[in-house]
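Proteins get letters first, then strands, A, B, ... in listed order; numbering begins at 1 in each. Quick caveat: nothing in here was measured; it's all calculated off a predicted structure.
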Number of protein chains: 2
Amino acid sequence: MPTIKEVSELAGVSQATVSRVMNGSDRVTEATKRRVMDAMKTLGYHPKAAAQSLASNRTNSIGMVVSELQGPFYGPMMAGVEEVMRKAHKHLIIAAGHGEEHTEREAIEFLINRQVDGLILLVERLDDDYLLALNERVPLFLINHHIQGLHDRTIWLDNELGGYRATRYLIDQGHERIACITGQMWKQDAQERLQGYQRAMAEAGIEVRDEWIVNSYFELEGGIEAFHTLMERDTGCTAVLACNDELAFGVLEAADDAGIKLPEQLSVMGFDNVLTARYVQPKLTTMNFPMYEMAQASARMVMTAVYEKQQTEEAVFEPTLVERQSVRSLR
Amino acid sequence: MPTIKEVSELAGVSQATVSRVMNGSDRVTEATKRRVMDAMKTLGYHPKAAAQSLASNRTNSIGMVVSELQGPFYGPMMAGVEEVMRKAHKHLIIAAGHGEEHTEREAIEFLINRQVDGLILLVERLDDDYLLALNERVPLFLINHHIQGLHDRTIWLDNELGGYRATRYLIDQGHERIACITGQMWKQDAQERLQGYQRAMAEAGIEVRDEWIVNSYFELEGGIEAFHTLMERDTGCTAVLACNDELAFGVLEAADDAGIKLPEQLSVMGFDNVLTARYVQPKLTTMNFPMYEMAQASARMVMTAVYEKQQTEEAVFEPTLVERQSVRSLR
DNA sequence: CTGAAAGCGCTAACAG
DNA sequence: CTGTTAGCGCTTTCAG
């Protein structure tokens with residue numbers, strides 16, 4: 001492994017100069033720059049990340065913490081981040097929270113000890129005070145998590161708008177009695193999606209009856225249970241907004257078991273557009289969650305904030321309708 | 001950020017001693033060890049990874065290259081690796097190949113420049129010579145990829161056995177005319193699964209007719225196309241082994257579109273047991289691919305080979321049957 | 001069992 | 001525009 005010293009000798013310059021051309025920072029003559037570059041090439045030189053970090057106090061790596069690596073959500077997320085990071089020659093170190101607050105904090109500490117230059121967080125269970133304190137130690141970037149004072153470091157999906165658009169679509173298809181199955185209400189996105197539903201209904205002048213809303217949790221089983229309570233309540237709803245696809249899948253399954261034909265007897269609308277949505281029967285109409293794009297945006301935000309030291313501003317993404325076959329038009 | 005120097009001063013020992021207790025290597029008196037530990041704790045000391053790397057020529061990080069981050073496959077894989085790595089206080093740096101040989105090599109070079117201590121590869125398109133050469137530069141660990149001379153660094157799924165068991169199950173259910181939809185035949189696993197099918201059929205004394213085998217590719221569309229060619233060939237098969245779940249989903253969809261009832265008119269068997277398999281209609285009977293466990297195994301292999309300098313041996317995993325509803329018994 | 005000292009390979013003032 | 005000079009924080013001989 002050649003070192004900077006060898007390069008400098010072969011190029012007939014000082015190590016400092018070599019360092020300069022690598023970092024492109026200071027002004028160097030085209031001529032010497034060329035000489036150095038050639039020397040690097042013939043030696044097959046690659047700077048040693050550890051040495052750079054130690055000297056510069058920058059690791060050129062950023063950490064990413066996700067609640068869990070499983071699930072349909074995180075692949076695209078990681079892929080998006082990884083892509084832009086690598087193009088910029090930065091390293092992505094990942095850690096998973098495995099679903100618990102305790103392990104999420106552990107994952108974060110782990111990455112901070114690694115002295116990452118920045119931290120992208122896609123987590124749910126951490127409280128704001130902790131995160132704010134954390135931000136003093138390392139620049140934080142938050143995906144889908146709002147915190148007072150960190151707006152310009154936030155990438156989020158407008159869930160309220162998504163809930164609104166989804167509901168609006170159902171209404172436009174002629175539905176009036178529309179049920180809504182929510183996720184865990186301590187989750188910000190669950191709340192917001194419900195709010196969007198309520199706004200759309202209010203706007204359409206439809207009075208939402210309490211029995212139309214069933215509180216559940218973002219899992220297949222949650223969808224199944226919710227479907228049953230909906231049946232028991234005998235609401236007469238013709239459509240249901242499941243606040244994420246998983247819930248919708250549960251509804252699909254439960255409906256099928258109950259011998260209810262979809263979408264003929266009940267229209268189902270999902271939210272997230274996970275991969276599986278295209279595979280189920282009927283193919284799920286849902287709101288698209290542009291995870292890949294949001295991930296790229298978060299990585300770009302890191303680049304400009306951390307490495308270019310420039311101000312950033314929050315990035316908002318909008319869910320868009322993906323029309324498939326689980327919603328029937330009443331018109 | 002406290003340094004080793006401060007710790008040593010507070011503990012009244014030399015830096016060397018502190019280093020020793022951290023690495024647990026040399027013998028140190030219990031007494032001084034305790035003093036050092038206390039000092040570390042009161043200072044909230046954490047060693048700086050970059051400095052350690054530079055001095056020890058070990059980065060305590062291993063790289064992982066996957067063909068693509070998307071898809072149902074890699075989440076569990078990463079989760080498994082990450083879990084055991086983090087427990088051992090090692091770092092996981094990931095890079096994606098994004099499906100092309102060119103970018104896969106790039107990803108690998110990227111990680112090598114990062115001086116990772118080892119490299120876990122879950123890739124398909126790289127040729128053996130390249131990988132063997134690579135192994136001279138950094139210890140390689142291969143998931144589902146066989147290479148002469150790297151057996152003891154390989155973690156693999158017995159695809160042939162999986163194909164055999166799947167087919168065997170179909171036969172046991174009373175099927176005789178069993179079609180097989182393969183993946184891209186340049187993929188090792190596609191070949192092996194087919195071989196397993198053939199072995200089971202031969203063993204059962206069933207002569208496989210050429211028209212029962214349709215060469216396709218591991219995607220939903222591949223399954224749809226394969227289903228249609230199967231229909232055109234009018235084989236009279238009562239069951240079909242789709243060599244991965246994606247293919248099976250394609251068959252499900254195409255069959256549904258063609259008005260063919262599953263599993264009444266055709267039994268479908270998948271392979272991989274991706275998350276989605278539980279969501280489709282009928283729920284897919286398939287062979288389980290223990291990705292999470294295999295990932296953990298690969299990480300453990302890295303630990304013992306790289307950090308404990310001990311010999312390892314290949315780890316083989318067996319696919320097991322997951323019985324759901326897409327296969328009908330003829331008995 | 002412990003300390004002293006010499007780097008690991010690079011960056012970052014500070015001069016010139 | 002370029003060279004000189006200190007380190008960055010840790011590990012690792014080599015003595016003792």
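Remark: C1' of C:dG9 and CE of A:M22 are 9 Å apart, rounded to the nearest angstrom. Residue A:R35 contributes atom CZ, which lies 13 Å from atom C1' of D:dC1 at whole-angstrom precision. Rounding to whole angstrom units, CG of residue A:L54 and C1' of D:dG7 are separated by 9 Å. In this structure, CD of B:Q115 is placed 15 Å from P of C:dC8, rounded to the nearest angstrom. If you take CG of A:N57 and C1' of C:dG9, they are 16 Å apart, rounded to a whole angstrom. One interatomic measurement links the two molecules: CD1 of B:I4 to P of C:dA4, which rounds to 14 Å at whole-angstrom precision. Atoms CG (A:N60) and P (C:dG9) sit 18 Å apart, rounded to a whole Å. Atom pair A:E30:CD and D:dT2:C1' shows a separation of 16 Å (rounding to whole Å applied).
For A:S56 and C:dT11, the shortest distance from a side-chain N or O to OP1 or OP2 is not below 4.0 Å. Dashed line: the shortest gap from a side-chain N or O of A:T32 to OP1 or OP2 of D:dT2 is under 4.0 Å. At the phosphate of C:dT11, OP1 or OP2 sits under 4.0 Å from a side-chain N or O atom of A:N23. Distances shorter than 4.0 Å separate some side-chain N or O of B:S14 from OP1 or OP2 on C:dG3. Phosphate contact (OP1/OP2 of C:dG9, side-chain N/O of A:T3, threshold under 4.0 Å): absent. OP1 or OP2 of C:dG3 lies within a sub-4.0 Å distance of a side-chain N or O belonging to B:T17. A:Q52 has a side-chain polar atom (N or O) that falls below the 4.0 Å cut-off from OP1 or OP2 of C:dT11.
Around atom CD of B:Q148, no more than 12 heavy atoms belonging to other residues, nucleotides or ligands sit under 6.0 Å away.
Taking the side chain of A:K48 as heavy atoms from C-beta on, and the options C:dG9, D:dT11, D:dG3, the nearest nucleotide is C:dG9. Minimum atom distance to the side chain of A:R20 is reached by D:dG3, of the listed D:dG3, C:dG9, D:dC10. Among C:dA12, C:dC10, C:dC8, the nucleotide with an atom closest to any side-chain atom of A:A55 is C:dC10. For A:R58, whose side chain is taken as the heavy atoms from C-beta onward, the closest listed nucleotide among D:dT13, C:dA12, C:dC10 is C:dA12. Of the candidates D:dT11, C:dT2, C:dG3, the closest approach to any side-chain atom of B:V13 belongs to C:dG3.
When atom types are taken as modelled, the side chain of B:R86 and the backbone of A:A96 share a donor-acceptor pair closer than 3.5 angstrom.
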ask   = Given the rule in the side chain to side chain contact (heavy atoms under 4.5 Å, CB included) test, do B:I4 and B:Y45 qualify, once you have shown the distances and angles that lead to the verdict?
value = CA-CA 8 Å; B:I4 197 175; B:Y45 171 76; 3.9 Å; yes
query = What's the verdict on side chain to side chain contact (heavy atoms under 4.5 Å, CB included) for A:D158 and A:W156, showing C-alpha distance, side-chain angles and the deciding distance?
reply = CA-CA 6 Å; A:D158 193 336; A:W156 57 285; 3.9 Å; yes
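Heavy-atom nearest nucleotides on DNA chain C were determined for B:Q15 and for B:T29, and the one closer to the 5' end corresponds to B:T29. Nearest-nucleotide assignment on DNA chain C puts the 5′-proximal partner with B:K33, out of B:K33 and A:H46.
Residues A:H91 and A:M85 approach most closely at O-CE, 3.2 Å, considering heavy atoms.
Rounding to the nearest 0.5 Å places CE of A:M77 at 6.0 Å from CZ of A:F289.
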